[in-house]
Amino acid sequence: MRFTEDHEWLSPDADIVTVGITAHASEQLGDVVYVELPELETQVSKGDEVVVIESVKAASDIVAPLDGEIVEVNEALVATPALVNEDPMGAAWFFKIKVENPASVDDYMTEDEYKDHIGE
């Protein structure tokens with residue numbers, strides 16, 4: 001698993017990468033009340049805004065961490081946005097992306113590096 005500076009986690013499995021937000025980000029957001037997911041088969045570039053999250057505190061965007069195609073979204077989040085607070089590192093993944101360059105995942109932080117990043 002790898003982590004972005006924007007508090008996303010990336011779980012690679014060959015050329016498919018599952019993306020969610022960290023427990024730290026979930027705590028910072030507060031109670032999540034709405035999630036808008038990307039369309040399937042959307043081609044995205046690194047940095048594109050692909051998910052909108054609204055909480056009682058603020059609205060946030062999740063950006064694509066890699067270039068590729070959205071191949072699966074977690075529809076359970078639309079019906080139950082609170083999953084983001086309940087299980088941010090598991091059941092509350094947002095989307096899966098088929099990446100063009102699987103090795104690019106290694107450019108992101110390891111768990112220890114992420115913990116240093118957030119001061120844990």
Min side-chain heavy-atom separation Thr18-Asp13 under 4.5 Å:
no

Which pairs count as salt bridge (Lys or Arg N to Asp or Glu O under 4.0 Å) when at least one residue sits in residues 23-51, sequence neighbours excluded?
none

Could you tell me which non-hydrogen atom of Val35 sits nearest to which non-hydrogen atom of Pro81, and how far apart they are?
CG2-CB, 4.1 Å

What are the two closest heavy atoms between Ile62 and Glu8, and how far apart are they?
CG2-OE2, 3.0 Å

Other hydrophobic cluster members with Val71, side-chain heavy atoms of Ile/Leu/Val/Met/Phe/Trp/Tyr under 4.5 Å, chained?
Ile16

Which pair of heavy atoms, one from Pro65 and one from Val19, lies closest together, and at what distance?
CG-CG2, 4.0 Å

Could you see if Tyr108 belongs to whatever hydrophobic cluster contains Val50? Use Ile, Leu, Val, Met, Phe, Trp, Tyr and a side-chain cutoff under 4.5 Å.
yes

Solution key, residues 85-104 side-chain donor-acceptor pairs under 3.5 Å, sequence neighbours excluded:
residue	atom	partner	partner atom	Å
Asn85	OD1	Val32	N	2.9
Asn85	ND2	Ser26	OG	3.3
Asn85	ND2	Gly30	O	2.7
Asp87	OD1	Gly90	N	3.4
Asp87	OD2	Ala91	N	2.9
Asn101	OD1	Ala103	N	3.3
Ser104	OG	Asn101	O	2.6

Is any side-chain heavy atom of Pro38 closer than 4.5 Å to a side-chain heavy atom of Val44?
no

Common cluster, Val78/Ile53, ILVMFWY with side-chain heavy-atom separation under 4.5 Å
yes

Distance (rounded to the nearest 0.5 Å) between Met109 CE and Ile118 CD1:
9.0 Å

Can Leu40 and Val73 be said to form a side chain to side chain contact (heavy atoms under 4.5 Å, CB included), step by step?
CA-CA 7 Å; Leu40 289 176; Val73 296; 4.3 Å; yes

Is there a side-chain contact between Leu77 and Val84, using heavy atoms and a 4.5 Å cut-off?
yes

Residues which pass side-chain contact (heavy atoms from CB on, under 4.5 Å) with Ala76, listed by chain and number, not counting sequence neighbours:
Asn74, Leu83

Which value, rounded to the nearest 0.5 Å, describes the distance between Gln43 atom CD and Ile70 atom CD1?
9.0 Å

Quick one: do Ile21 and Leu29 satisfy side chain to side chain contact (heavy atoms under 4.5 Å, CB included)? Show the steps, please.
CA-CA 10 Å; Ile21 63 170; Leu29 281 171; 3.8 Å; yes

Check whether any side-chain heavy atom of Asp6 sits under 4.5 Å from a side-chain heavy atom of Val63, and report yes or no.
yes

Could you list all the ring pair (Phe, Tyr, Trp, His ring centres under 6.0 Å) pairs where at least one residue sits in residues 43-66, not counting sequence neighbours?
none

For residues 37-67, which residue pairs qualify under ring pair (Phe, Tyr, Trp, His ring centres under 6.0 Å), counting only residues two or more places apart or in two chains?
none

By the ring pair (Phe, Tyr, Trp, His ring centres under 6.0 Å) test, which pairs, at least two apart or in different chains, include something from residues 7-41?
His7-His24, His7-Tyr114, His7-His117

Just grab all the salt bridge (Lys or Arg N to Asp or Glu O under 4.0 Å) pairs involving residues 104-120, residues at least two apart or on different chains.
Arg2-Asp106, Glu111-Lys115

Summary of ring pair (Phe, Tyr, Trp, His ring centres under 6.0 Å) pairs that have at least one residue in residues 52-79, sequence neighbours excluded:
none

Derivation and outcome, side chain to side chain contact (heavy atoms under 4.5 Å, CB included), residues Val33 and Ser55:
CA-CA 5 Å; Val33 296; Ser55 72; 5.6 Å; no

